[in-house]
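Here the structure comes first, spelled out in structure tokens, and everything after it is commentary.
Order of the sequence lines fixes the chain letters, A, B, ..., with proteins taken first and strands second; residue numbering starts at 1 for each chain.
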Number of protein chains: 2
Amino acid sequence: MAQQPDTVTRILDTAEVLFAERGFAETSLRNITSKAKVNLAAVNYHFGSKKSLIQAVFARYLDPFTVRFHAALDELEARHEGGVIPLEELLETMARSVLEVPAERNSLKVFMRLLGLAYSQAQGHLRRYIQDEYGSVFSRFTELVRLATPDLPDAERFWRLHFMLGTVIFTLSGLDALRDIAEKDYGEHVGMRDLVRRLRPVVVAGMNAPLPDTITAQREPIQGERPQREMV
Amino acid sequence: MAQQPDTVTRILDTAEVLFAERGFAETSLRNITSKAKVNLAAVNYHFGSKKSLIQAVFARYLDPFTVRFHAALDELEARHEGGVIPLEELLETMARSVLEVPAERNSLKVFMRLLGLAYSQAQGHLRRYIQDEYGSVFSRFTELVRLATPDLPDAERFWRLHFMLGTVIFTLSGLDALRDIAEKDYGEHVGMRDLVRRLRPVVVAGMNAPLPDTITAQREPIQGERPQREMV
DNA sequence: GAGATATTCAAACAATTGTTTCCAATGACG
DNA sequence: CGTCATTGGAAACAATTGTTTGAATATCTC
């Protein structure tokens, strides 16, 4: 029996790879089931629908991540005994948690790519699902970041966190394409770990950047909210 | 009565909005043609295929952008008479060029979202198309950045440019969703112009961040704390 | 004007999609 | 052994996809 993984596992393993390579809409159930050597109906039988399969793929990463991250934050808070946790330690902890989860399956690349897809798929169910299911961990983290950066206005911190999120997700999710260019032009082979090392000082510097000029006198007329023209 | 725009224009106008909202694969030609009040066959007649339509949507933004950006760089180089152009001016010029293009059509949001989709759509024709068609402008820009940051190793600069690209594209392409949260939590209405103002110091600080620790897993995070070490 | 070209239109095309159906195989339990 | 619920498999389902067709109409050229 242990010769081959469970049918459910085989589906998930194959689906996450194909999703990461081609996106959700571009990956058909027949693509998945044929490559996983399972029957087509198995997906609907085990998961109910393609949507649920996608969510299951995410849950398999995010569930372990949240427990691990919560534990890491617990330990971090205990170590500082209610004191303020430095920003660098917070970022370091988050990075370590993210890196640890898929380590056993050697698929950090897949994980980041999935996150990137989830975010770019702004319209859909996925974003809501992730927000509802895993938003609390993020809230806890941002609250700690708030304590660590008391001089930063709330709104500014909010945006900078998302700037940094963009830096990481964008780069790591597009790693394959970028790596080809980098390797060709600079002869340097970059691994995921190497990229994370390069990211750290940039992220820290971005968070600690000086505040923007407060020349807010200029009201912006551009980018109004009304639709550009009624397409009758 | 103002006569309706050209069929081709109506298709492009509708297609770019729908693509930006739902992605390429999730937007059918029937979605586009019905909303644009155009016959279904019109797309294949005027553009040949859906792929070509997608490329045409991009070309309508990128063509004006490249000529404008080239002109801006020409002017910038002339002003410095062969001398080195400071990094901040380069970034400023790029930002201004990006902002100017869709200004007349009130659709910077759409433009950024399309760019984000193009990048997340790792597989395929779009990335190659953009690279082949508009890679030269980017090369010229990066070369100028190289001259502006002589102390940065080539590979490091390459990655940092993409880090910053991620920051901008990720944030601006997901602006709608983020803005809702920001407005609810901080009561602050953020416009595109406002975001760009916030982005600038972060991007500059990220580019000027201290170099990462050299290889071999060192646990010495002291270096990153003070971010504003100038490299130029 | 007539003729040629360009565009629009409704309909059909073939291919692919996610999902469901029905039946055989399996294995647990009395 | 017999019964029953669970699971796997091939085929069919209904819906949607991008694309093509051929005739009708508009637009332009001489």
Side-chain angles (χ1 to χ4, degrees), chain A residues 1-59 114 117-118 121 123-126 128-129 231-232, chain B residues 1-59 114 117-118 121 123-126 128-129:
Chain A
M1 299 288 192
Q3 214 163 354
Q4 231 177 3
D6 194 66
T7 298
V8 176
T9 314
R10 271 218 313 286
I11 293 177
L12 286 174
D13 286 343
T14 312
E16 73 175 22
V17 172
L18 291 182
F19 284 155
E21 281 178 359
R22 304 134 74 143
F24 303 117
E26 293 85 353
T27 303
S28 71
L29 292 185
R30 285 171 178 81
N31 280 335
I32 299 172
T33 54
S34 71
K35 184 166 183 181
K37 298 210 191 301
V38 304
N39 189 270
L40 169 62
V43 165
N44 284 286
Y45 175 77
H46 285 287
F47 297 93
S49 69
K50 185 181 181 181
K51 249 199 268 206
S52 304
L53 169 63
I54 295 176
Q55 295 180 352
V57 166
F58 273 86
L114 289 177
L117 284 177
Q121 204 120 96
Q123 179 66 2
H125 62 110
L126 240 187
R128 238 185 330 273
Y129 167 76
M231 341 196 137
V232 180
Chain B
M1 171 158 348
Q3 63 182 12
Q4 276 198 354
D6 195 57
T7 299
V8 176
T9 314
R10 273 219 310 287
I11 293 176
L12 286 174
D13 286 343
T14 313
E16 72 175 22
V17 172
L18 292 182
F19 284 155
E21 281 177 359
R22 305 134 76 141
F24 303 116
E26 294 84 353
T27 303
S28 70
L29 292 185
R30 286 171 178 80
N31 280 333
I32 299 172
T33 53
S34 71
K35 185 166 184 184
K37 304 266 190 251
V38 159
N39 190 272
L40 169 62
V43 166
N44 285 286
Y45 175 77
H46 285 286
F47 297 94
S49 68
K50 185 181 181 182
K51 248 198 270 203
S52 304
L53 169 63
I54 296 176
Q55 295 180 351
V57 167
F58 274 86
L114 289 177
L117 283 178
Q121 206 117 93
Q123 88 128 10
H125 65 110
L126 238 188
R128 238 186 326 275
Y129 168 75

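- Picking from C:dG18, C:dA10, C:dT7 the nucleotide with the shortest atom distance to the side chain of B:Y45 gives C:dT7.
- Between B:T7 and the phosphate of C:dT8, there is a side-chain N or O to OP1/OP2 separation shorter than 4.0 Å.
- Ring-plane geometry between A:F58 and A:F24 is classed as tilted, the angle between the planes lying from 30 to 60 degrees on a 0 to 90 degree scale.
- Among C:dT20, C:dG18, D:dG18, the nucleotide with an atom closest to any side-chain atom of A:L29 is C:dG18.
- Within the 4.0 angstrom heavy-atom criterion, only backbone atoms of the sugar-phosphate kind lie near A:T27; the bases stay farther away.
- Across all strands shown, A:T33 has no heavy atoms under 4.0 Å from either base or sugar-phosphate atoms.
- D:dG18 atom P lies 12 Å from atom CG of B:L18, rounded to whole Å.
- For the atom pair NE2 of B:H125 and OG of B:S52, the computed distance is 9.0 Å after rounding to the nearest 0.5 Å.
- Which of D:dG8, C:dG18, D:dG18 sits closest to the side chain of B:R30 comes down to D:dG18.
- Between A:S28 and C:dT17, a side-chain N or O to OP1/OP2 separation shorter than 4.0 Å is present.
- At the heavy-atom level, B:A42 lies nowhere under 4.0 Å from the strands shown.
- Taking atom CG of A:N39 as the reference point, atom P of D:dG8 lies 9 Å away to the nearest angstrom.
- Summarising the geometry, the separation between CD1 on A:I32 and C1' on C:dG18 is reported as 11 Å, rounded to the nearest angstrom.
- Of the inter-residue distances, the one linking B:L18 atom CG with B:K35 atom NZ reads 5.0 Å to the nearest 0.5 angstrom.
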